[in-house]
Amino acid sequence: MHPLQGIHLFVEVAKTRNYSRAAEMLGIPKSTLSRQVADLERAVGVRLLSRTTRKVELTDAGRLYFERCRRIIAAAQVAHEELQNLAETPSGLLRVNMPSDFGTGLLTEVFTDFADRYTEVSFHLDQASPEHASRVFQSCDIAIEIGERPDSTRIARQLGVLYGYLYASPGYLARYGEPLHPGDLTHHQCLTYRAENSRIPRWPLSNGEALVEFAPRSRFSINNMTMMHSLTVQGAGIGIMARVSSLQADLAARRLQRVLPEWHAGPYPVYAVTESRLLPAKTRIFIEFLMQRLNSGATVPGVFETVEDLARDG
């Protein structure tokens, strides 16, 4: 028996001065309660309760022990209730790590809507590239990762998959012509995204039936999607980007246009990664909120395909 369990039982008996009443309140048999209090007395080495057939009285040692232990049990109960509230009501600082530009392009609306709904939550958002798992989780509660499934030492929940589409400026296409097939891209300037620790970038393109993969010719290798966007608008080449809201504005203003509209890159799985399955409300409810918003397409329609979509489409 853990000492705190025996202390809790002793305090309840001392409060009621009655084994039967204390056992009823605790929901355990009277014989079990009597035995465990006796075990506690043997452990501390003194008699705490004086028992007669009519009543239960505290010994001098028992009165001293009761005064100390009553405060301990009360503090433990407060801590327990605080943790219950923490597990049920989102509050406190939520630290989120995500790939560079991912939150800016796709999750801004999710963060603001979550903050409006749960006013006791504040955010620390880090868009630096995730480091080794043991270092990442020293500084964040949840990491959003794209690509390969995180290693088995962490808990990963797939939110959906991300697709990329090809874009170029009308000026670039007027100068170099518009490709009609992925094979034509070998004659174009392609803006490549350089992931951390990646080798020579390759473009896997699919139209749902065929898959083409090749190493694009590129004068620009970029590790920042904002720069990718800007260079594409300026006519530096053809870039692959997700359909974020800023891209929609550029398409409407004819600063950009889709290239090879029947083809796309990906899918790239998107995961919410945590260190444990036991999560406080702020983390657990944010993951649920994030999945709901991405699944509903409320953030940017067409950017994500959900796990349910993939199963339905076969």
Side-chain angles (χ1 to χ4, degrees), residues 81-131 133 136-164 225-226 241-249 266-313:
E81 292 173 356
E82 288 178 346
L83 285 178
Q84 282 187 317
N85 291 334
L86 185 63
E88 296 171 1
T89 305
S91 62
L93 180 64
L94 179 62
R95 303 168 299 172
V96 183
N97 182 288
M98 70 200 84
S100 178
D101 296 307
F102 183 77
T104 303
L106 299 177
L107 298 183
T108 302
E109 185 179 328
V110 174
F111 286 124
T112 54
D113 288 352
F114 189 86
D116 288 342
R117 180 174 299 187
Y118 301 104
T119 57
E120 297 302 313
V121 176
S122 56
F123 291 90
H124 183 129
L125 307 179
D126 185 357
Q127 289 188 277
S129 298
E131 302 170 352
V136 167
F137 287 104
Q138 291 175 8
S139 60
C140 78
D141 302 298
I142 172 176
I144 298 174
E145 299 186 12
I146 303 174
E148 296 182 2
R149 185 177 181 85
D151 65 74
S152 58
T153 62
R154 296 181 289 164
I155 309 303
R157 182 176 182 179
Q158 186 171 344
L159 302 175
V161 293
L162 182 65
Y163 287 94
M225 292 305 298
T226 300
M241 293 171 282
R243 290 193 295 218
V244 295
S245 56
S246 57
L247 267 181
Q248 304 308 304
Y268 305 104
V270 181
Y271 298 96
V273 185
T274 58
E275 197 171 23
S276 170
R277 296 186 187 277
L278 299 176
L279 302 174
K282 62 181 180 180
T283 307
R284 174 175 48 82
I285 293 179
F286 176 73
I287 293 174
E288 294 170 356
F289 187 84
L290 178 59
M291 174 170 279
Q292 180 183 18
R293 292 299 297 274
L294 296 182
N295 285 359
S296 69
T299 308
V300 183
V303 172
F304 273 86
E305 293 285 349
T306 68
V307 176
E308 291 77 6
D309 292 334
L310 295 175
R312 182 170 59 250
D313 295 342

Query raised in the report: Do you know which two heavy atoms are closest between Ala156 and Tyr271, and how far apart they sit?
Result: CB-CD2, 4.1 Å
Requested in this report: Look at the aromatic rings of Phe286 and Phe111 and report parallel, tilted or perpendicular, splitting at 30° and 60°.
Outcome: parallel
**Report entry** Least distance between heavy atoms, Ala242 atom then Leu247 atom
**Finding:** O-CD1, 2.7 Å
Query raised in the report: Is any side-chain heavy atom of Arg293 less than 4.5 Å from a side-chain heavy atom of Phe114?
Result: no
**Report entry** Heavy-atom closest pair, residues Pro90 and Ile285
**Finding:** CG-CD1, 3.4 Å
Query raised in the report: With side chains defined as the heavy atoms from C-beta onward, is the minimum distance between Leu279 and Ile142 less than 4.5 Å?
Result: no
Query raised in the report: Looking at Val96 and Met98, what are the two nearest heavy atoms and their distance?
Result: CG1-CE, 3.8 Å
**Report entry** Distance-minimising heavy-atom pair for His124 and Leu93
**Finding:** N-CD1, 3.7 Å
Requested in this report: With rounding to the nearest 0.5 Å, note down the distance linking CE in Met291 to CD in Gln158.
Outcome: 8.0 Å
Query raised in the report: Which atom names give the shortest non-hydrogen contact between Leu94 and Lys282, and what distance separates them?
Result: CD2-O, 3.9 Å
Query raised in the report: Is Arg157 close to Glu288 at the side-chain level, that is, under 4.5 Å between some pair of heavy atoms?
Result: yes
Report summary line: Test side-chain contact (heavy atoms from CB on, under 4.5 Å), reference Val270, set Leu290, Val161, Ile144, output is Ile144
Query - All side-chain contact (heavy atoms from CB on, under 4.5 Å) counterparts of Glu120, not counting sequence neighbours - result: Ser91
Requested in this report: With the side chain counted from C-beta on, respond yes when Thr274 and Asp141 share a heavy-atom pair under 4.5 Å apart, and no when they do not.
Outcome: no
Query raised in the report: Should Asp126 and Arg95 count as side-chain neighbours, where that means a heavy-atom distance under 4.5 Å?
Result: no
